[in-house]
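Take a look at the structure set out below.
Keep in mind that the numbers below use all heavy atoms, side chains included, and drop hydrogens, waters and symmetry copies.
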Amino acid sequence: EGTYTAKHIIVATGARPRVLPGLEPDKQLVWTYFEAMVPERMPKSLLVVGSGAIGIEFASFFHTMGSDVTVVEVLPQILPVEDAEIAGLARKRFEKAGIKIHTNTKVTKLEKKADSVVATIDDGKGKPQMVEFERVISAVGVVGNIENRGLEALGVKTDRGCVVIDGYGRTNVPGIYAIGDVAGPPMLAHKAEHEGVICVETIKGLHTHPMEKTMIPGCTYCNPQVASVGLTEAKAKAAGYEVKVGRFNFTGNGKAIALGEPDGMIKTVFDAKTGKLLGAHMVGAEVTELIQGFVVAMNLETTEEELMHTVFPHPTLSEMMKESVLDAYGRVLHA
């Protein structure tokens with residue numbers, strides 16, 4: 001406790017789970033990601049509200065541990081920030097494994113009992129269903145810890161529960177900076193760390209580069225894994241790009257078959273006019289390791305020609321990355 005004076009102040013207060021009316025967590029029956037990390041026992045049945053990365057990771061984990069898992073998502077697709085095609089393939093795998101998924105559906109009420117929760121689930125097509133679960137995970141997003149920091153008194157600009165910054169971590173108030181989850185999406189550890197480096201080096205007067213959010217990879221650690229960087233096909237088209245799209249399935253890769261992991265896809269999105277790699281999207285085994293190859297490529301402002309000229313080792317999963325590029329230009333070898 002105390003008052004501190006400094007020339008430069010960095011706000012790095014993180015974020016907390018978003019709470020929706022009627023879905024209030026209570027640590028015993030309705031969990032946030034904090035309680036879900038340290039369960040006293042595995043619930044026999046589990047409802048996960050929200051299908052972003054956090055919701056899907058917990059759904060996949062608890063299913064693997066033997067829980068009967070149901071996921072409810074208000075939007076039309078699970079993993080809403082991911083490419084729709086990749087998210088659709090992931091959904092098929094989850095459902096094939098036995099996870100129940102309801103999209104375009106809301107949980108309107110949670111009635112807490114002694115050792116269970118009765119959820120009111122409404123898909124808008126008829127009478128809402130009342131279903132009982134042992135435990136519920138509320139994974140409906142996170143919100144920055146911006147309250148009671150004195151930010152309002154200084155006039156620090158915020159938007160949707162987060163501090164607004166430029167690419168260097170600077171707020172609209174000189175001397176006040178913000179990094180990490182409190183500074184807005186994507187709310188990822190590797191983004192926060194890099195943001196911290198940029199911010200401190202900028203304060204020190206070093207030659208820095210602004211954070212380029214389209215170059216930040218996103219990884220979802222579920223089974224199957226999902227990983228992506230850059231624009232989805234839909235977002236690229238919405239941004240006005242004419243696109244070339246390449247796809248390569250794991251079934252065409254010897255290493256994937258040898259691993260017993262023949263289900264998956266690597267998808268690449270290029271600007272048809274310049275050959276610029278706009279985005280890469282993957283679902284399947286070890287894609288959280290593979291994605292970095294495309295992240296490096298995008299940082300180097302690569303084109304399809306350079307990727308086609310790159311020799312990938314065999315036998316590896318990474319070969320599929322090149323095949324996806326080749327497919328975008330009608331030159332795939334092992335489809």
Side-chain angles (χ1 to χ4, degrees), residues 3-20 25 32-34 36-37 50-58 75 79-82 138-221 226-232 235 239 278-279 288 291-292 295-296 298-299:
T3 302
Y4 299 89
T5 304
K7 212 168 151 185
H8 306 282
I9 296 172
I10 300 173
V11 179
T13 49
R16 63 185 183 277
R18 188 183 297 279
V19 176
L20 295 182
T32 67
Y33 50 78
F34 291 118
M37 290 288 287
S51 72
I54 291 172
I56 287 297
E57 284 175 349
F58 278 120
L75 294 172
L79 297 167
V81 303
E82 299 295 338
S138 177
V140 291
V142 298
V143 60
N145 294 319
I146 59 173
E147 302 84 2
N148 306 314
R149 304 286 189 272
L151 298 175
E152 302 92 342
L154 290 172
V156 173
K157 189 176 178 186
T158 61
D159 180 42
R160 286 176 289 186
C162 294
V163 178
V164 176
I165 60 169
D166 66 6
Y168 299 94
R170 299 178 293 212
T171 70
N172 62 310
V173 177
I176 305 290
Y177 309 78
I179 61 168
D181 287 0
V182 75
M187 292 178 176
L188 303 168
H190 44 277
K191 172 260 195 184
E193 180 178 322
H194 195 64
E195 217 161 37
V197 171
I198 291 171
C199 183
V200 171
E201 289 188 350
T202 300
I203 289 169
K204 196 168 165 46
L206 301 180
H207 177 69
T208 52
H209 63 282
M211 173 71 83
E212 178 49 73
K213 289 189 176 180
T214 59
M215 304 273 191
I216 300 169
C219 297
T220 306
Y221 299 93
V226 177
S228 60
V229 64
L231 298 177
T232 63
K235 282 192 175 170
L278 299 173
T288 57
I291 194 65
Q292 192 59 20
V295 179
V296 172
M298 285 178 68
N299 270 274

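- Checking each of Asp166, Val173, Asn172 against Arg170 for a side-chain contact (heavy atoms from CB on, under 4.5 Å) leaves exactly one that passes, namely Asp166.
- For the pair His209 and Ile198, the minimum side-chain heavy-atom distance is below 4.5 Å.
- Here Met298 pairs with Met215, Val229, Leu277 under the side-chain contact (heavy atoms from CB on, under 4.5 Å) rule; sequence neighbours left out.
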Are Glu57 and Thr220 close enough, and set up right, to give a side-chain contact (heavy atoms from CB on, under 4.5 Å), and what steps lead you there?
CA-CA 7 Å; Glu57 284 175 349; Thr220 306; 3.8 Å; yes
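- What you find for Pro217 and Ile291 is that their closest heavy atoms are CB-CG2, 4.3 Å.
- Looking at heavy atoms from C-beta onward, Glu195 lies in side-chain contact with Ile165 at the 4.5 angstrom threshold.
- Pro80 and Ser51 make their closest contact through CD-O, 3.8 Å (heavy atoms, listed as atom of the first residue, atom of the second, distance).
- With a 4.5 Å cut-off on side-chain heavy atoms, Glu212 and Asn299 do not count as touching.
- The distance from the OH atom of Tyr177 to the CD1 atom of Ile203 is 4.5 Å, given to the nearest 0.5 Å.
- Contact record, Pro186 with Ile216: CG-CD1, 4.0 Å, taken as the closest heavy-atom pair.
- The 12-atom threshold is not exceeded at CD of Glu193, counting heavy atoms of other residues, nucleotides or ligands nearer than 6.0 Å.
- To the nearest 0.5 angstrom, Ile56 atom CD1 is 5.0 Å from Leu79 atom CG.
- A 4.5 Å side-chain heavy-atom check between Met187 and Cys162 finds at least one atom pair inside the cut-off.
- Counting non-hydrogen atoms of neighbouring residues, nucleotides and ligands closer than 6.0 angstrom, the NZ atom of Lys213 exceeds 12 such neighbours.
- Within the 4.5 Å cutoff, no side-chain heavy atoms of Glu201 are placed close to those of Tyr168.
- Side chain of Thr288 to main chain of Cys219: no donor-acceptor pair is present (N/O by atom type, distance under 3.5 Å, no hydrogens or angles).
- The CD1 atom of Ile146 sits 8.5 Å away from the OG1 atom of Thr13 when rounded to the nearest 0.5 Å.
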Got a list of side-chain donor-acceptor pairs under 3.5 Å for residues 149-156, not counting sequence neighbours?
unit_1	atom_1	unit_2	atom_2	d
Arg149	NH1	Glu147	O	2.9

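- Taking all atoms of both residues into account, the shortest heavy-atom contact from Gly14 to Val182 is O-CB, 3.5 Å.
- For the residue pair Glu82 and Ser228, a side-chain donor N or O sits within less than 3.5 Å of a side-chain acceptor on the partner.
- Under the 3.5 Å distance criterion, the side-chain polar atoms of Arg16 are left unmatched by any main-chain donor or acceptor of Val142.
- Interatomic distance, Lys191 NZ to Ile179 CD1, rounded to the nearest 0.5 Å: 9.0 Å.
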